[in-house]
Structures are given as structure tokens and as C-alpha cells.
Amino acid sequence: MKHAGPVLSPQPLPAQGLPAALRRGLWAWPLLLSLLFVGGVVLWAHRTDRQERDEAHRTMISDALSAEAQLRARLDLEALHLRSLAAQLRRAPHNRQTLATSPEVEEGFRGLWLSVTWLDADNRIIAHLPPQEAPLLPAASDERDGLSAHLVAPVDPEMADAVPETNRFDVAGEKVVVRFSPSTLLKRDTPWWLTRRYEVQLVDGSEQIIASADGPVAAQPGPGTRDSYRVLVGGGMPGVYLQLTEREVPAPWWDGLPLVLVGGFLLLVGSATVLLRRQMRQVSAAEAAWRTEVAWRSAMEDSALVGLRARDAEGRLLYVNRTFCELVGRPAEQLIGLKPPMPYWPPESAGEAMQRSRRGLAGLAPREGYEAQWRHADGHPIEVMVFESPLVDARGQQIGWMGSIIDITQRKRLEERERHQAEALAHQARLTTLGEVASALAHQLNQPLTAVAGYNAGVLRRLEQAGCEDTMVLQALRRQGEQAAEAGRIVRRIREFLTRRAPRREPAVLAETVRQAAGLLQRDLQRQKIQVVLDLPPDLPLVQADPVLIEQVLINLLRNAADELVQQPEGQPRQIRVSAHDTGSGFVRLDVDDSGPGLAGRTAEQLTTPFYSTKPEGMGMGLAICRSVIEVHHGAFDAGVSPLGGARFSCSLPVWRADADLDGEEDPDDETDGAPGR
């Protein structure tokens, strides 16, 4: 039989169904999940950084191509301007004045031009501006920002078509050479937003910086630190590249606040994992201790012979142990959660049990406990002793009542048996005393009865000798003598019975004994208006009995029936019927029926108990003696319901057999039958 434990029983742990190895590693799960999360964030950051770099590089390429196109357009414009100047010098006087007064030269100096040199076919200088005495590289000149470049245009227009390149010196014939500043070109023709985003430079094929949009040429930063892109300028600057370089070194992808936060997050998760592992170790140790305690407690509760039950404030069962389940014969699954009335309460005393339960829940149960009667599931009654005590939770608050139940059924049975034995011993002692008193009384009565019989016989002889002819007197004396002899015989038989001597069993005519007993009570029955009917077949066999004792039994039964009928209201039938018949099994059955109120549920065993009487003045010995007399004759005594509506008392006597072994000895006092003994 299983037992359960509710509030008091352990609850299953959430991770109890997991494997042991997995349960031991639960503490590492947050750390592993955090590492996966951080790995995902780092991968995302790396990919995002690469995408941003690629996007920035593509933007740089687009910006470089756009800037190169602007520079190329500017150089093409300057070349066109130079060709226009060369065309003007073809028919003009070949002197310096012609060159100095040319508006094209003036316009060129306001632009990019640093100097203009007019050369003849042998590359001798025809004119040169500015003058040679002027410093070629003034301190504030843009030439300090880098190297210079030049444009060449042939004076002969036909040569201009033959030589498309504007920076070739190997042009035949006269030509005009213009030297210009690439730095100024960059500063004037590069968008301002482009110079703020990149370092815009012109470099040649040997990685030498020709010019920079930022001014003086600085040292070339190391490769790979910043992203850059170069595009060939072409046009008037062959072999020169326009190079765009990021101004700021991009921060590595792992640098920045998010990664710092991720690092801090990892540190916190690691610390939390360490604390969680320590906490789980403590919890595991507490769980092991708790399970051990529960196992000990369950073992002690199951081994205890005292039933335990826990109830809440409404009387609902919260817990029962194995002994309690065995006591009421019901499993814990059927008991837990039940509220009064309980199934183990007897239906006939459910009201009393409910009131007792309410008093117990109100705290009015006696401290010394109380007795109650329960019922086992199979129906047999259980006597229990119940002790109630407050049930307190961990916060010190009373949440119900804890009951201890002891099965006292065996103890109650022993007490009841001892009580019956004591009563039986008391009855036996009273019977013994009564027998002794009756024996002494019979012995004492025998003497005066003998004297009465003797005096009566003497008076009768003297009257007969005196010739008394008064028949009534003589008849009365003779009847008096007969009654005295009968009284002596009754006293003697009773004495024999009380002194444990065997009754004087002899062949007896039961019908005669019945008529004699009814005749003795005839006057009293007639006075009480009781009708006596004798149903005695003439062919009844002889019975083996002591007629005197059987007659006393009949007298007692008739008197009891008469006493019950007298209490009947007027108009109610008062009838007694005495019948006898041969049972065919060696016995003759004698029934005494009446039309009285009956036995009222009482049994023959109860009615024949010594000193049990339904009459206020009765001693309770009549039926007990009757039963003893019948049983001494090896017969049976019984009681039941009569067909007349009242009670029926029955007794059976054995049929006389000539070869029967008549035990018993002749009483010395019974030498003269029909006369009183001594």
C-alpha cells in the first residue's frame, strides 16, 4: 500500500528527469549560451566592418575616377589654351615683347602657369617669362609644394596635329613650353569635400609624390595602414597617378564600445557562472541532505505503529502514513484531499463524528486524546484513540492539525472480555451462594414438612379411630397430607439438583405432568381470565425425566406467560397454549405459547442469563434454572416467536428407552416415594 506526502512530502525537482551528467553541467549552460551569443556578435561585427570597408573602397574608386576626370579636363583646357598661344606666336615677331604682351600668357599666369618658354627649332630660347632675374621658386610659391610639370605645344599648327601629346619635348620646329604647378592643379580642381575625406596626391611610377592637395609634400606613410587608390591621370601628365588615401586610419573591427561591452558582458557572465556553479553545488548538497532526511523520515513513519494524518484548517487530509492507510484499509490516493465526512466514519455515527471533527478543528479536542469508532474498508469496526496537535509551517503559522491515531481495538476487546469474565465470575459466585442457601433452605424445610406430614397422619388416625364421620374434614386432612408429602418431595428433588446430584430420571408421562402443573395454577389463571389450551396427543411416548423437576419447569413457564398476559390491556386476548409432539428423532418437544407482547428482540441466551430479569421484582433465576434442568436431562431449551403473536418457550426431552443407562443414585431420603424426606 502506497503512502503519499503532500505539503509534508517532497516535491519532485524540475531537473530530476535529466541524466546525472547533464544535471551536473547545468551550471555551464549560461556560459556556453553567452559564448555562442558573443561569437555571433563578433562575427556580425567582423562582417559588418568588412562590408563597410568594401563600400568605402568602392566609394574611393568612384571619387578617384571623378577627380581624375576633372584633372584631365583641366589639363585638356590648359593644353588647348597653350595651343592657342602657339598659334598666335607663329606670325608674331620672335621677341620677348610679343610673348609678354600676349593675353593668353597673362591668362595662363593667373591660372596654373609658372613660366612660359618660347623655343626655336634648335631648342634655343626665344623668349622666357617671367624674366630670368626673377627667382624661379619664390618662398611663397606653389612650387614649394612639389614638383612642376610642363606642357608643350608646337608653333606650327600642322605639327600640333602630328604630335597629340602636349608634354613631349621632341617636337620638331618652334614650340612653346609651359611649366605649371601640379599642387595648384590639385588645390583648384579638386572638390573641397574630397580633400577633407582623402589625401589627394599625384605620384609617379617610382612612388614619388609629385604634388599634394594639402600643400607641402610630406613623407609617404607606410603601406597597408590606410586604404588608398590610384588612377592614371594621362593627358598632359603621362606616368602620373592620382592617388586618394584615407585621412584616418580605420579602427580595427574589434575596437570600439560594442566590443568593450561584449568583453564586459563576458566577464560578468563568467563571474555569474562561477557564482552559479557554487550555488548549484550548495543546492545539490542541500538536495542530497534533504533526500536523505526524507528517506529517513519516510522509513521512520512507515515503521511506526501509530497512524499519522495531517489536516488543514478545513479538515482536508494533507498527509497520511502507511499505518493509517492499513488501519482504514484505503490507499493514500483515495484519502489525500478528502474533507469531512470521511469514508471511514461509520454511517450510524457520522453525525457524532462530524461534531467531534469540528471541535477538533476549532482546537477543542482534549489534550489527552479521545476514543472514536471507525470502520475499515471491509466493514469491520475499528476502535481508535486520537491525539490532536497543531500543525505549524516553516513560518511558525498554524496551517492545520496533526493527528496521531492508535488502534485500540484489541485492547477494547480484551477489556470487554475481562468485563464479561468478571461478570461471569460474579454470577457464578452468586449462583454458588444461592445454591448453598437453597440447599440449606431445603434441608431446613424438610424437617418441618416431615413434622407437618407426621402430625397430619396422626390427627387423621385419631379421628378415624374416634369414629369421626365428617368426610370433608377427613378429606381435607388427607389432601393436606398429600400436599405436605408433595412439598417434601419437591424440596428433596431441588436439594438433589442443587447438590449436583443427578436427577431422578424415570419413565414419565409428559401429558400427565403438564396437566398436573396446569392444575396447580388453574385457580390463579382463571382469576386472571387467562385461557389455557392443552394440545397433548394421546400417543405421546414416555419421556426420560424427573416429573417433579419438569413440573416445576412448566409451572415457571406458565407463571411467566401469565405475568406477561396480565399486563395486556382489557379486551386483548389472553391465551396460553401448551402443545407437545414427537419429533421423530428420539425427543419429545414441548411448546408453551402465549399471546403476550413477545420477547422484544431478546434471545434465549440473554433470557437465560443468571440474574437477568425483565420484571422489577424478578431475581432472574427462573429461566436460568429451567434451562439447567432441561440440559441436565440431555434436552434443549429455546425461545422464539409464537404463532399466537407472543413468545414461545420450547424444551425437548429424550424419549424413554428401557435399555437407557440411568445414571444417578437413589437418595437415602427418597426411600418412601410420595412422602417427605428427612
Side-chain angles (χ1 to χ4, degrees), residues 482 485-486 489-490 493 496-497 502-526 530-562 565 573-596 599 604 608 622-623 625-664 666 670 673-674:
E482 292 174 358
E486 181 66 18
R489 189 161 58 96
I490 293 172
R493 297 295 175 85
E496 292 174 354
F497 178 75
R504 187 185 298 274
R505 288 177 293 177
E506 56 190 17
V509 180
L510 185 59
E512 186 63 26
T513 304
V514 173
R515 292 190 184 93
Q516 189 171 354
L520 292 175
L521 300 176
Q522 183 177 3
R523 291 187 178 181
D524 294 337
L525 296 176
Q526 290 177 351
I530 297 175
Q531 179 185 5
V532 179
V533 178
L534 302 180
D535 184 8
L536 304 172
D539 55 347
L540 279 178
L542 297 176
V543 295
Q544 182 176 310
D546 187 332
V548 177
L549 295 179
I550 299 302
E551 179 182 313
Q552 296 305 311
V553 170
L554 288 172
I555 291 174
N556 188 71
L557 294 178
L558 292 172
R559 286 190 182 277
N560 288 342
L565 292 174
R574 298 180 178 181
Q575 183 179 5
I576 298 175
R577 184 178 66 186
V578 182
S579 59
H581 64 276
D582 187 0
T583 62
S585 58
F587 287 87
V588 174
R589 179 185 175 96
L590 180 66
D591 297 324
V592 179
D593 299 294
D594 63 62
S595 60
L599 301 178
T608 57
L623 292 178
I625 294 175
C626 291
R627 179 175 180 175
S628 298
V629 170
I630 297 301
E631 290 178 352
V632 166
H633 285 80
H634 305 292
F637 188 87
D638 196 7
V641 180
S642 171
L644 300 179
R648 162 178 282 188
F649 288 91
S650 305
C651 56
S652 59
L653 295 171
V655 177
W656 165 259
R657 290 184 293 110
D659 55 347
D661 182 16
L662 300 179
D663 52 353
E666 293 291 338
D670 197 24
D673 192 10

task: Using the side-chain contact (heavy atoms from CB on, under 4.5 Å) rule, take Gln544 and Val655 through it: C-alpha gap first, then chi angles, then the decisive distance, then the call.
output: CA-CA 6 Å; Gln544 182 176 310; Val655 177; over 6 Å; no

message: Less than 3.5 Å apart, any donor N or O on the side chain of Ser650 or Asp591 sitting next to an acceptor on the other?
response: yes

Drop me the distance from [X]'s [atom1] to [Y]'s [atom2], to the nearest 0.5 angstrom.
{"X": "Ile550", "Y": "Ile555", "atom1": "CD1", "atom2": "CD1", "result": "11.5 Å"}
{"X": "Glu631", "Y": "Cys651", "atom1": "CD", "atom2": "SG", "result": "11.5 Å"}
{"X": "Glu551", "Y": "Arg515", "atom1": "CD", "atom2": "CZ", "result": "13.5 Å"}
{"X": "Leu554", "Y": "Arg559", "atom1": "CG", "atom2": "CZ", "result": "12.5 Å"}
{"X": "Leu536", "Y": "Leu510", "atom1": "CG", "atom2": "CG", "result": "7.0 Å"}

- prompt: Partners of Gln526 by side chain to side chain contact (heavy atoms under 4.5 Å, CB included), sequence neighbours excluded?
  reply: Gln522

- prompt: Is there a donor-acceptor contact under 3.5 Å from the side chain of His581 to the main chain of Val588?
  reply: no

Quick check: closest heavy atoms across [X] and [Y], and the distance to 0.1 Å?
{"X": "Phe637", "Y": "Cys626", "result": "CE1-CB, 4.2 Å"}
{"X": "Leu599", "Y": "Ala647", "result": "CD2-CB, 3.6 Å"}
{"X": "Pro547", "Y": "Glu506", "result": "CD-OE2, 3.2 Å"}
{"X": "Asp582", "Y": "Gly584", "result": "OD1-N, 3.0 Å"}

Extract all donor-acceptor atom pairs below 3.5 Å that involve side chains of residues 573-580 and protein atoms in other chains or at least two apart in sequence.
{"unit_1": "Arg574", "atom_1": "NE", "unit_2": "Leu565", "atom_2": "O", "d": "3.3"}
{"unit_1": "Arg574", "atom_1": "NH1", "unit_2": "Gln528", "atom_2": "O", "d": "3.0"}
{"unit_1": "Arg574", "atom_1": "NH2", "unit_2": "Gln568", "atom_2": "O", "d": "3.2"}

Does any non-hydrogen side-chain atom of [Y] lie less than 4.5 Å from one of [X]?
{"X": "Ile625", "Y": "Asn556", "value": "no"}
{"X": "Leu590", "Y": "Val514", "value": "yes"}
{"X": "Arg648", "Y": "Asp594", "value": "no"}

message: What verdict does the side-chain contact (heavy atoms from CB on, under 4.5 Å) test give for Asp638 and Phe649, after you've listed the backbone C-alpha separation in whole Å, the side-chain angles of each residue and the deciding distance to 0.1 Å?
response: CA-CA 6 Å; Asp638 196 7; Phe649 288 91; over 6 Å; no

task: Show your reasoning for whether side-chain contact (heavy atoms from CB on, under 4.5 Å) applies to Val509 and Leu542.
output: CA-CA 5 Å; Val509 180; Leu542 297 176; 3.4 Å; yes

- prompt: Can you check side-chain contact (heavy atoms from CB on, under 4.5 Å) on His634 and Leu653, steps first, answer last?
  reply: CA-CA 7 Å; His634 305 292; Leu653 295 171; over 6 Å; no

